[in-house]
Structure formats: C-alpha cells, structure tokens
Amino acid sequence: MDVFFGVIMTIIGVLFLVFSVTKSENKLYQIFVKRSEILWKKKVYIFHSIVGIILIALGILYTFGIIWVE
C-alpha cells in the first residue's frame with residue numbers, strides 16, 4: 001500500500017507543479033489558487049510550485065520506504 005500512496009502523492013505533486021508553472025485555468029486548480037491567494041497574494045504560483053516539488057520528493061521517499069516506515 002505504501003507504493004500506491006507514494007505514487008499518488010507524487011502524481012499530485014507533478015500536477016501542482018505543472019499547473020502552477022503554466023498558470024492553468026483548470027477549475028479544480030483555480031479553487032486551490034483562490035484559497036491560497038488569501039495568504040500569498042501574487043506569489044501564489046511560486047508557492048504552489050514549491051509545494052509541488054515537496055510533494056514529489058515526499059512521494060518518492062514514501063514509495064521507496066525511506067520515510068514513514070513501520
């Protein structure tokens with residue numbers, strides 16, 4: 001199950017990174033943008049890029065069992 005959730009986490013991170021770099025008009029992503037703009041104002045896309053990179057890294061580490069191992 002660790003592999004499954006790690007891959008899902010990595011895919012979400014990639015989507016966040018791609019959507020933030022392209023400033024996507026995807027409806028679901030725009031919900032995240034509107035919520036984040038309250039705190040981050042014009043730097044919301046930079047914030048989402050950083051979050052995407054962190055999610056990718058954590059997803060890869062989780063997939064290979066490096067972190068959160070029981």
Side-chain angles (χ1 to χ4, degrees):
M1 221 42 189
D2 294 343
V3 174
F4 176 72
F5 288 121
V7 169
I8 295 297
M9 191 183 310
T10 304
I11 290 171
I12 291 171
V14 169
L15 288 175
F16 254 69
L17 184 61
V18 169
F19 286 163
S20 67
V21 169
T22 61
K23 297 183 180 176
S24 176
E25 293 296 324
N26 184 333
K27 300 264 188 226
L28 181 61
Y29 179 68
Q30 285 303 312
I31 293 171
F32 288 115
V33 169
K34 294 299 180 193
R35 296 285 297 169
S36 299
E37 277 180 344
I38 296 168
L39 182 61
W40 293 96
K41 308 285 188 234
K42 297 292 181 184
K43 296 183 182 183
V44 67
Y45 294 108
I46 295 171
F47 169 69
H48 284 173
S49 296
I50 293 169
V51 167
I53 292 168
I54 291 170
L55 276 173
I56 291 168
L58 290 176
I60 290 170
L61 291 173
Y62 188 57
T63 300
F64 291 111
I66 299 172
I67 56 174
W68 298 312
V69 178
E70 294 179 18

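Atoms considered below: every heavy atom in the structure, side chains included; atoms not considered: hydrogens, waters and symmetry mates.
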(Q) What verdict does the side-chain contact (heavy atoms from CB on, under 4.5 Å) test give for S20 and Y29, after you've listed the backbone C-alpha separation in whole Å, the side-chain angles of each residue and the deciding distance to 0.1 Å? (A) CA-CA 9 Å; S20 67; Y29 179 68; 3.3 Å; yes
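- A distance of 11.0 Å separates CD1 in I11 from CD1 in I56, rounded to the nearest 0.5 Å.
- By the side-chain hydrogen bond (donor to acceptor under 3.5 Å, both in side chains) test, S36 is found to be paired with H48, residues two or more places apart in sequence or in another chain being considered.
- To the nearest 0.5 angstrom, T10 atom OG1 is 11.5 Å from Y62 atom OH.
- Once rounded to the nearest 0.5 Å, the distance linking CD1 of I12 with CG of L17 reads 14.0 Å.
- The backbone N or O of S24 lies less than 3.5 Å from a partner atom in the side chain of Q30, making a donor-acceptor pair.
- For the atom pair I60 CD1 and I67 CD1, the distance stands at 10.5 Å (nearest 0.5 Å).
- Follow the hydrophobic side-chain contacts under 4.5 Å out from Y45 and you never reach I38; the two are in separate clusters.
- Rounded to the nearest 0.5 angstrom, I50 CD1 and L55 CG are separated by 12.5 Å.
- You'll find the ring centres of F16 and F32 inside the 6.0 Å limit.
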